[in-house]
Structure formats: structure tokens, C-alpha cells
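Positions are given from 1 along the sequence.
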Amino acid sequence: QVQLVESGGGLVQAGGSLRLSCAASGRTFSNYAMGWFRQAPGKEREFVAAIARDGVSTYYADSVKGRFTISRDNAKNTVNLEMNSLKPEDTAIYYCAAVVTDYSRLPSIYPRGYDDWGQGTQVTVSS
């Protein structure tokens with residue numbers, strides 16, 4: 001099991017930017033593909049972005065494509081989510097998640113495809 005801790009959430013005006021980070025510990029981070037999900041009040045947890053172990057293969061939800069960028073630093077055991085042009089509908093608790101996969105394989109877009117989760121960080125975008 002890998003332990004995950006998110007940070008970087010906060011309150012921002014529409015059009016602004018935030019950078020979320022997820023720090024991993026307890027296992028070899030480079031063995032894990034990583035994903036970001038979010039959950040708004042009264043809604044199901046939804047996929048945001050994913051990155052393979054190679055740090056090259058990435059995938060985004062249509063709702064964030066072109067605005068968000070996922071990256072990872074295997075030397076620092078972190079995965080980041082750069083969020084630009086934020087909208088009120090981006091308001092949610094953001095979670096990072098991890099799963100062991102093949103090197104260049106992208107992880108699932110479904111929460112059940114991940115084994116380990118962080119506690120989440122709140123992102124609020126005001127209009």
C-alpha cells in the first residue's frame with residue numbers, strides 16, 4: 001500500500017489557476033500509475049486525469065482537456081495537477097489515486113481501477 005497526501009487546494013476566482021500536488025510514500029512510487037479524481041457535493045466521484053509510470057502517457061477528461069496538465073516527478077515521489085482557466089464547475093474535493101500497472105499503460109478512468117487513495121484537497125472556484 002502506498003500512502004498519498006494531497007495539497008495545494010484553496011479558493012480561487014474563475015479564470016484563475018491552482019497547482020495540486022500529491023506526495024507518495026511507503027512503496028516504490030515509480031511502480032504506480034497515478035490518477036486525479038474529483039467529487040462535488042451530491043455527485044459521484046469523477047475522473048479528471050491520469051498518467052502512466054513513464055510520465056509520458058497521459059489522459060484527460062473532456063471537461064478539463066486543454067486547461068489541466070498532469071505530471072509526475074519520480075525522483076520526488078510526487079504527481080501534480082496544474083489547473084488553469086478554472087471554472088465554478090471545477091469546484092470539488094480533488095483526490096489522487098494509485099495503482100500498480102505496466103510501464104506505459106494508462107490506468108483506468110474508473111475509481112474501482114485504483115487501489116490507494118489520498119484524503120483529498122478542497123478546490124473552490126468562485127464566480
Taking 4.0 angstrom as the limit, do D62 and K65 come out as a salt bridge?
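Looking at K65 together with D62, the answer is yes, because their closest N to O distance falls below 4.0 Å.
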Among Q39, Q122, R38, whose side-chain hydrogen bond (donor to acceptor under 3.5 Å, both in side chains) with Y94 holds?
R38
To the closest 0.5 Å, what do you measure between [atom1] ([X]) and [atom2] ([Y])?
X	Y	atom1	atom2	result
S7	R19	OG	CZ	9.0 Å
C22	Q3	SG	CD	11.0 Å
I93	T124	CD1	OG1	9.0 Å
D54	R105	CG	CZ	13.5 Å

Main-chain N/O of [Y] paired to [X] side chain as donor or acceptor, under 3.5 Å:
X	Y	result
R53	T101	yes
E6	C96	yes
Y114	S108	yes
D102	S104	no
T91	V125	yes

Name of the residue among L81, V79, D116, N80 meeting side chain to side chain contact (heavy atoms under 4.5 Å, CB included) with M34:
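Of the listed residues L81, V79, D116, N80, the side chain to side chain contact (heavy atoms under 4.5 Å, CB included) partner of M34 is V79.
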Over all atoms of both residues, closest heavy-atom pair of [X] and [Y]:
X	Y	result
V2	A24	CG2-CB, 3.8 Å
S127	A14	CA-CB, 4.4 Å
G9	T121	N-OG1, 3.2 Å
Y60	A49	CD2-CB, 3.6 Å
G16	V12	CA-CG2, 3.8 Å

Are [X] and [Y] grouped together when hydrophobic residues (ILVMFWY) are joined by side-chain heavy atoms under 4.5 angstrom apart?
X	Y	value
V5	Y32	no
L11	L20	no
L106	V64	no
I70	F47	no
V48	W117	no

Could you please spell out the steps behind the side chain to side chain contact (heavy atoms under 4.5 Å, CB included) verdict for M83 and V123?
CA-CA 10 Å; M83 306 187 294; V123 171; 3.9 Å; yes
Dump the intermediate steps for side chain to side chain contact (heavy atoms under 4.5 Å, CB included) on F68 and L86, then the final yes or no.
CA-CA 9 Å; F68 290 12; L86 283 162; 3.8 Å; yes
Are R45 and Y95 in a cation-pi setup, meaning NZ or CZ lies under 6.0 angstrom from the ring centre and within 45 degrees of the ring axis?
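Yes - R45 lies over the ring of Y95, closer than 6.0 Å to its centre and within 45° of its axis.
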